Asks: 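Here it is: the structure, laid out below.
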Amino acid sequence: MPEMPEVEIVKRGLISQIKGRKITNVEVRYQNLITGDVPQFIDIVTGTTIEDIGRRAKFLLIHLDNGYTIISHLRMEGKYRVSADPAMIDKHSHAIFTLDNGQKLIYNDVRKFGRMQLWKTADLANNKSIAKLGPEPLSDAFTFDAVKPRIMRHRKDIKTVLLDQSVMSGLGNIYVDEVLWNAKLHPETPANHLNDDDIRNIIKYSNEEMTMGIDAGGSTVRSYLDSTGHAGHMQDFLHAYDREGTPCDRCGTEIEKIKVGGRGTHFCPHCQVVK
DNA sequence: GCGCTTGTTGTCAT
DNA sequence: AATGACAACAAGCG
């Protein structure tokens, strides 16, 4: 499901819906959802108050008032839903947090790829998953000097490199295709063939696409919904992703779909040429 | 019904 | 160190 803009929308929704609420009960129905000891997770979380919700790249950070943070990753299909309606709970609801206002924070995940992990808030930077993340768009660290060497040290396809969260973080399969379309870069261009203008374009369009995605409430191509159950509408503004067979918005050539690094990849064969 | 696809990441072998 | 294959899982599509 979600890339950085979608996770940001979920974060903002959760802040308005559950920030300041006390968690009175925790039910974990799918044990593998929790990385670590499940009874200990339930024990530490129950009775705490949600101080704030943060985000790093595609990781949601649910800060509790006892010094712990739930690091939550939605992976492909994870969704949060805040509701008092029991009908919102089904066979794909893997964790249910009861709140002190009678509502429940329900974690749904059809494919069960998402994970939650407890970590001491003061030590988040040392968490293995967080520590390896490269700079993310829209942050102060996302500079030419920081990004260029991280990209140029690879000879893989630029598409695969931009999906590597340790190079830079936040982009996923949709937004990478959009950034490369905007930058007029063929997805199979070796990363170390890029020039400084290409790097500047990647930075510029990564910032632009992340901002657009957030402003549009995220992309809903298949299944993404925010924590209030609403779809995003960024999909209406996509130039490449899911557009195979339709004319390129720049030149009219049909958008093609190929596999790059095992991922479905959409591009304009006329505008985006291999260097 | 089978095979292939899907907004991700972590692990393993080379 | 970098790279590619594969794994986790369920459902929809042709």
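Within every chain, numbering begins at 1; the chains are lettered A, B, ... in the order of the sequence lines, protein sequences first and strands thereafter. Worth knowing before you read on, the calculation uses all heavy atoms, side chains too, and leaves out hydrogens, waters and symmetry mates. Since we're looking at a predicted model, the values are computed, not measured.
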Asks: Nearest whole angstrom, please: distance from the P of dA1(C) to the NE2 of His154(A).
Replies: 12 Å
Asks: Check Lys184(A) with Asp198(A), please: is the shortest side-chain N to carboxylate O separation under 4.0 Å?
Replies: no
Asks: Taking NZ, NE, NH1 and NH2 as the nitrogens, is one of them in Lys112(A) or Glu77(A) under 4.0 Å from a carboxylate oxygen of the other?
Replies: no
Asks: Which of these nucleotides, dT3(C), dA2(C), dT6(B), is closest to any side-chain atom of Arg155(A)?
Replies: dT3(C)
Asks: Do Asn108(A) and His92(A) meet the criterion of a side-chain donor-acceptor pair at a distance under 3.5 Å?
Replies: no
Asks: Are side-chain N/O atoms of Asp226(A) and Thr228(A) paired as donor and acceptor at under 3.5 Å?
Replies: yes
Asks: Considering only heavy atoms from C-beta outward, does the side chain of Val147(A) approach that of Arg150(A) to under 4.5 Å?
Replies: no
Asks: Specify whether His73(A) and Phe59(A) have parallel, tilted or perpendicular ring planes, treating 30° as the upper limit for parallel and 60° as the lower limit for perpendicular.
Replies: perpendicular
Asks: Between His73(A) and dT8(B), is there a contact of a side-chain N or O with OP1 or OP2 at under 4.0 Å?
Replies: no
Asks: Heavy atoms under 4.0 Å, any strand shown: does Arg153(A) hit a base, just sugar-phosphate, or nothing?
Replies: sugar-phosphate
Asks: Got a salt bridge between Asp52(A) and Lys19(A), using NZ or NE/NH1/NH2 to carboxylate O under 4.0 Å?
Replies: yes
Asks: In this structure, how many angstroms lie between the P atom of dT3(C) and the CD1 atom of Ile151(A), rounded?
Replies: 13 Å
Asks: Can you list the stems that DNA chain C is part of, where a stem is at least 3 pairs in a row, each Watson-Crick or G-U, with both distances below 3.5 Å?
Replies: B:2-6 with C:10-14, B:8-14 with C:2-8
Asks: Any side-chain N or O of Lys259(A) below 4.0 angstrom from OP1/OP2 of dA5(C)?
Replies: no
Asks: State plainly whether the residues Glu136(A) and Lys58(A) are in salt-bridge range, i.e. N to O under 4.0 Å.
Replies: no
Asks: Nearest-Å distance, CG (Asp164(A)) to C1' (dG10(B))?
Replies: 12 Å
Asks: Which pair of non-hydrogen atoms, one from Gly213(A) and one from Tyr175(A), has the smallest distance, and what is that distance?
Replies: CA-OH, 3.5 Å
Asks: Across the strands shown, which category fits Tyr175(A) at heavy-atom distances under 4.0 angstrom: base, sugar-phosphate, nothing?
Replies: nothing
Asks: Ignoring backbone atoms, test whether Arg75(A) places a side-chain nitrogen or oxygen under 4.0 Å from the OP1 or OP2 oxygen of dT6(B).
Replies: no
Asks: Could you check how far NE2 of His266(A) sits from C1' of dT6(B), rounded to whole Å?
Replies: 10 Å
Asks: Decide salt bridge (Lys or Arg N to Asp or Glu O under 4.0 Å) for Asp196(A) and Lys148(A); before the verdict, give the C-alpha distance in whole Å, the side-chain angles of both, and the deciding distance to 0.1 Å.
Replies: CA-CA 8 Å; Asp196(A) 283 1; Lys148(A) 180 183 174 184; 2.9 Å; yes
Asks: If you measure from the P atom in dA7(C) to the same atom in dG3(B), how many Å do you get, rounded?
Replies: 16 Å
Asks: Keeping the roles fixed (side chain from Gln17(A), backbone from Gly13(A)), state whether a donor-acceptor pair exists under 3.5 Å.
Replies: yes
Asks: How does each nucleotide of nucleotides 9-14 of chain C score, in 5' to 3' order, for protein heavy atoms under 4.0 Å: base (B), sugar-phosphate only (S), or none (-)?
Replies: BBS---
Asks: Answer yes or no: is there an ion pair linking Asp177(A) with Arg243(A), defined by an N-O contact shorter than 4.0 Å?
Replies: no
Asks: Distance check needed: dT9(B) C1' versus Asn173(A) CG, whole Å only.
Replies: 13 Å
Asks: Which whole number of Å gives the distance between the C1' atom of dA2(C) and that of dG7(B)?
Replies: 26 Å
Asks: Scan side-chain atoms only and decide if Tyr241(A) and Ser219(A) contain a donor-acceptor pair under the 3.5 Å cut-off.
Replies: no
Asks: Output the rounded distance in Å from CG (Leu163(A)) to C1' (dT8(B)).
Replies: 9 Å
Asks: In terms of base orientation, is dG7(B) syn or anti, with the syn window spanning 90° either side of 0?
Replies: syn
Asks: OP1 or OP2 of dG4(C) less than 4.0 angstrom from a side-chain nitrogen or oxygen of Lys156(A), does that happen here?
Replies: no
Asks: Rounded to whole Å, how long is the line connecting atom CZ of Arg263(A) with atom C1' of dC4(B)?
Replies: 15 Å
Asks: Can you tell me how far P of dA2(C) sits from CG of Asn192(A), to the nearest Å?
Replies: 12 Å
Asks: dT11(B) and dC9(C): how far apart are their P atoms, nearest whole angstrom?
Replies: 16 Å
Asks: At under 4.0 Å between heavy atoms, what does Gly114(A) touch on the DNA or RNA strands: base, sugar-phosphate, or nothing?
Replies: nothing
Asks: Can you name the atoms? Protein N/O to nucleotides 1-3 of chain B N/O, anything below 3.5 Å, with the distance.
Replies:
none

Asks: dT6(B), OP1 or OP2 - any side-chain N/O from Lys257(A) closer than 4.0 Å?
Replies: yes
Asks: Does dT9(B) have OP1 or OP2 sitting under 4.0 Å from an N or O in the side chain of Ser129(A)?
Replies: no
Asks: Between Gln165(A) and dT8(B), is there a side-chain N or O to OP1/OP2 distance below 4.0 Å?
Replies: no
